[in-house]
Amino acid sequence: MDFDLFVIGGGSAGVRCARISAGHGARVGIAEDRFWGGTCVNVGCVPKKLLVQAGEYGAWADDAAGFGWKIKKGPHNWRKLIKAKDKEIARLNGIYRRLLEGAHAQIFDARAVFLDPHTLDVGGQRITAERIVIATGGHPERVQIPGAELGIISDDAFFLPRMPERVAIIGSGYIAVEFAGIFQALGAQVDLIYRQPLPLRGFYQDLREGLAEALGQQGIAQHPGCRPLKLEADGDRRVLTFGENQKLRADLVFFATGRRPATEKLGLDNAGVTLNDKGAVVVDANLRTSAPHIYAMGDVTDRINLTPVATAEGHALADSLFGRHPRSISLQNVPSAVFSTPPIATVGLTEEQAAARGPVDVYVSKFTPMRHTLSGRTRRTMMKLVVDQRTQRVLGVHMLGEDAPEIMQGLAVAVVMGATKADFDRTIGIHPTAAEEFVTLRTRTRVSGVAQAAE
Ligand code: NDP
């Protein structure tokens, strides 16, 4: 065999797995045909966060007046922002390559396709490997309506030549609500069209209501309970028909309607790798596919599609295969954040999930953040603790409000360690912060799950 391990895909999961495996002494090859660093670095988390931050500066300039500043806010220069972002992303691409080179993994800027279970065609070269990892990620997906190709997907949003005046975003998942905030903050008029009654299906109810309210306060027009029907061109503009035949004219229509695992044209049939009905690679707890020497990880497996999960899986597999330290990662209590405006962060169970298992004490706090008592901006922060009534363990922590992702990371450690409400209560707060509210929630708001438990 040419390699002990060959990794297909140079994203978060693949690069980490290749790098650590090579560090353990394995002979490693890795192929990537698009961009090193994958979705997260190039058309995902990293550039998205930079755009969110660009929007925040605009809002701070507005808010500064309440603190005595006289700031005249000029127009935003989108091209300048994109150029700066591209420069930073190019720097990160380079780092990813250098990390692999430094670990002595052999890099292939090419597509890899299975010819048989141990053989790949890598850019025309025949390569054999003892073990193979599929870490090809996923692609954004448009809804199949007439004219769908006239709309953009998130990959395109990072390279727009100019800021559109009016944007219609379809969907209300992570990407939809994050970009709604970005475009609105950078000066566009945004319409959010989604089929649920509230945005962010799967998140807890109060938080979804809070976000819908916050989106409205920013001036984002929401069209809940609506499906897209067709998209037409009117010169450079687009006409979207949705819901009960309503029409909306916009400069840009953006499909933020989910992502599809990238399993096409990989020759997986030649390798005996089984896919599920959504086209994702099926894996067991040790990331093993239906072919025992082939593994898969990250978004291509469509379980928890988050970068830190992918990198943790890549590291764990490398340690297991070549580091004499077999281990798998837990997919319980994975914290996550939505970089909406304001952001959301969460770890553990929602009230609804926890209540289905037994009675829970629920603590909720809603308040105006200190900054906005002077800024005059209408904005509310919402925090929630979900506590198992029997064991008093904190099962879920949720927050909508400024700095929520930064606050949640530390709380996630406590939840992973099994902290109880009493542990939270005996922790001294840091004053004055929003975060201190999590350790001063004394009065129970309600009990949930009693009816379910009695059934
Ligand atoms: P999501 O699955 O989060 O949301 C998809 C949205 O599209 C939902 O609102 C869904 O509606 C809607 N939708 C799907 N199909 C249709 C249809 N046929 N007609 C109308 N609406 C439709 O996907 P995203 O694209 O936002 O993000 C993909 C994944 O990437 C996320 O789930 C997350 O794992 C990851 N991600 C994480 C981020 C983070 O950590 N901050 C940021 C961005 C992405 P409905 O709810 O009704 O199904």
Side-chain angles (χ1 to χ4, degrees), residues 11-13 38-53 137-148 151-158 168-182 191-205 208 211-212 215 222-231 240-243 253-262 278-280 297-313 331 334-347 399-400 404-406 408-409 412:
S12 306
T39 300
C40 174
V41 170
N42 295 278
V43 286
C45 329
V46 175
K48 177 273 307 288
K49 179 111 186 241
L50 292 172
L51 301 192
V52 169
Q53 288 172 334
H139 299 300
E141 195 163 43
R142 290 175 174 82
V143 176
Q144 290 310 309
I145 56 167
I152 68 155
I153 49 175
S154 54
D155 285 7
D156 308 318
F158 295 104
I169 301 181
I170 302 168
S172 62
Y174 281 75
I175 296 178
V177 299
E178 290 180 344
F179 271 96
I182 290 168
D191 288 83
L192 197 59
I193 295 128
Y194 52 92
R195 59 186 180 181
Q196 303 296 327
L198 287 168
L200 283 185
R201 180 168 59 85
F203 284 73
Y204 90 83
Q205 181 77 10
R208 295 173 70 191
L211 179 67
L215 294 174
Q222 291 173 80
H223 308 272
C226 290
R227 288 166 188 272
L229 299 174
K230 72 173 172 189
L231 187 54
L240 175 70
T241 308
F242 65 97
V253 173
F254 183 160
F255 288 96
T257 44
R259 295 176 60 87
R260 182 182 75 244
K278 289 185 180 151
M297 57 179 63
D299 287 8
V300 77
T301 60
D302 195 22
R303 291 158 307 139
I304 299 183
N305 299 334
L306 298 173
T307 295
V309 172
T311 42
E313 288 182 336
L331 294 183
V334 172
S336 74
V338 186
F339 292 89
S340 46
T341 309
I344 287 169
T346 168
V347 62
M399 177 173 174
L400 164 75
E406 299 292 343
M408 200 57 62
Q409 185 67 78

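Every number for a ligand or one of its atoms is a count from 1 in the order of the listing. Since this is a predicted model, take the numbers as computed values, not measurements.
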With heavy atoms and a 4.0 Å threshold, my read on which part of Cys45 contacts ligand 1 is neither
Any side-chain to backbone donor/acceptor pair from Gln222 onto Ala212? Under 3.5 Å, distance only. yes
Residue, atom and distance of the protein heavy atom nearest atom 7 (O) of ligand 1 read Thr257 CA, 3.1 Å
Within the structure provided, determine whether Pro140 and Phe255 are in side-chain contact (heavy-atom separation under 4.5 Å).
no
protein heavy-atom neighbour closest to atom 25 (O) of ligand 1 works out as Gly258 N, 3.0 Å
In short, Glu178 meets Ser340 closest at the heavy-atom pair CG-N, 4.0 Å
One finds that the ligand 1 atoms under 4.0 Å from a non-hydrogen atom of Ser172 are 8 (C), 9 (O)
At under 4.0 Å between heavy atoms, what of Leu306 touches ligand 1? The answer is side chain
Answer yes or no for Gln144: is there a heavy-atom contact with ligand 1 below 4.0 Å?
no
Do the side chains of Glu313 and Leu331 get nearer than 4.5 Å, heavy atoms only? yes
Checklist entry - Does atom CZ of Arg303 have more than 12 heavy-atom neighbours, drawn from other residues, nucleotides or ligands, at distances under 6.0 Å? => result yes
Exactly one candidate in Tyr174, Phe158, Phe339 meets ring-ring contact (aromatic ring centres under 6.0 Å, His included) with Phe179; the answer is Phe158
Taking only non-hydrogen atoms of Lys48 and a 4.0 Å limit, the atoms of ligand 1 in range are 41 (N), 42 (C)
Val300 and Pro261 have their tightest heavy-atom pair at O-CB, 3.6 Å
Here the atoms of ligand 1 under 4.0 Å from any heavy atom belonging to Gln196 are 45 (P), 46 (O), 47 (O)
Residue, atom and distance of the protein heavy atom nearest atom 42 (C) of ligand 1 read Glu178 OE1, 3.3 Å
- Query: Would you say the side-chain atoms of Glu141 pair up with the backbone N or O of Gly258, donor to acceptor, closer than 3.5 Å?
  - Reply: no
Notebook entry, point to check: Is a side-chain N or O of Arg208 found less than 3.5 angstrom from the main chain of Pro199, in a donor-acceptor match?
Noted result: yes
Among non-hydrogen protein atoms, atom 1 (P) of ligand 1 lies closest to Gly173 CA, 4.1 Å
Just wondering, do Arg259 and Ser154 contact through their side chains at under 4.5 Å, heavy atoms?
yes
On a heavy-atom basis, the closest approach of Pro228 and Phe242 is CA-CB, 4.0 Å
Within 4.0 Å of some non-hydrogen atom of Ala337, the atoms of ligand 1 are 39 (C), 40 (O), 41 (N)
Nearest non-hydrogen protein atom to atom 46 (O) of ligand 1, with distance, is Arg201 NE, 2.9 Å
Note: ligand 1 atoms sitting under 4.0 Å from heavy atoms of Arg259 are 28 (C), 30 (O)
Restricting to heavy atoms, the pick from Arg195, Arg260, Arg303, Arg227 nearest atom 20 (C) of ligand 1 would be Arg195
Test of proximity, Ile175 against ligand 1: N or O pairs below 3.5 Å
yes
To atom 3 (O) of ligand 1, the nearest of Phe255, Phe339, Phe242, Tyr174 on a heavy-atom basis is Tyr174
*Under 4.0 angstrom from ligand 1, any heavy atom of Ala256?*
yes
Rounded to the nearest 0.5 angstrom, the OH-CD1 distance for Tyr204 and Ile344 is 9.0 Å
inquiry  = Taking distance alone, with N or O pairs closer than 3.5 Å, would you say Gly171 contacts ligand 1?
reply    = no
Contact region, Val143 to ligand 1, non-hydrogen atoms below 4.0 Å, reads side chain
Atom 34 (O) of ligand 1 sits nearest the protein heavy atom Asn305 O, 3.0 Å
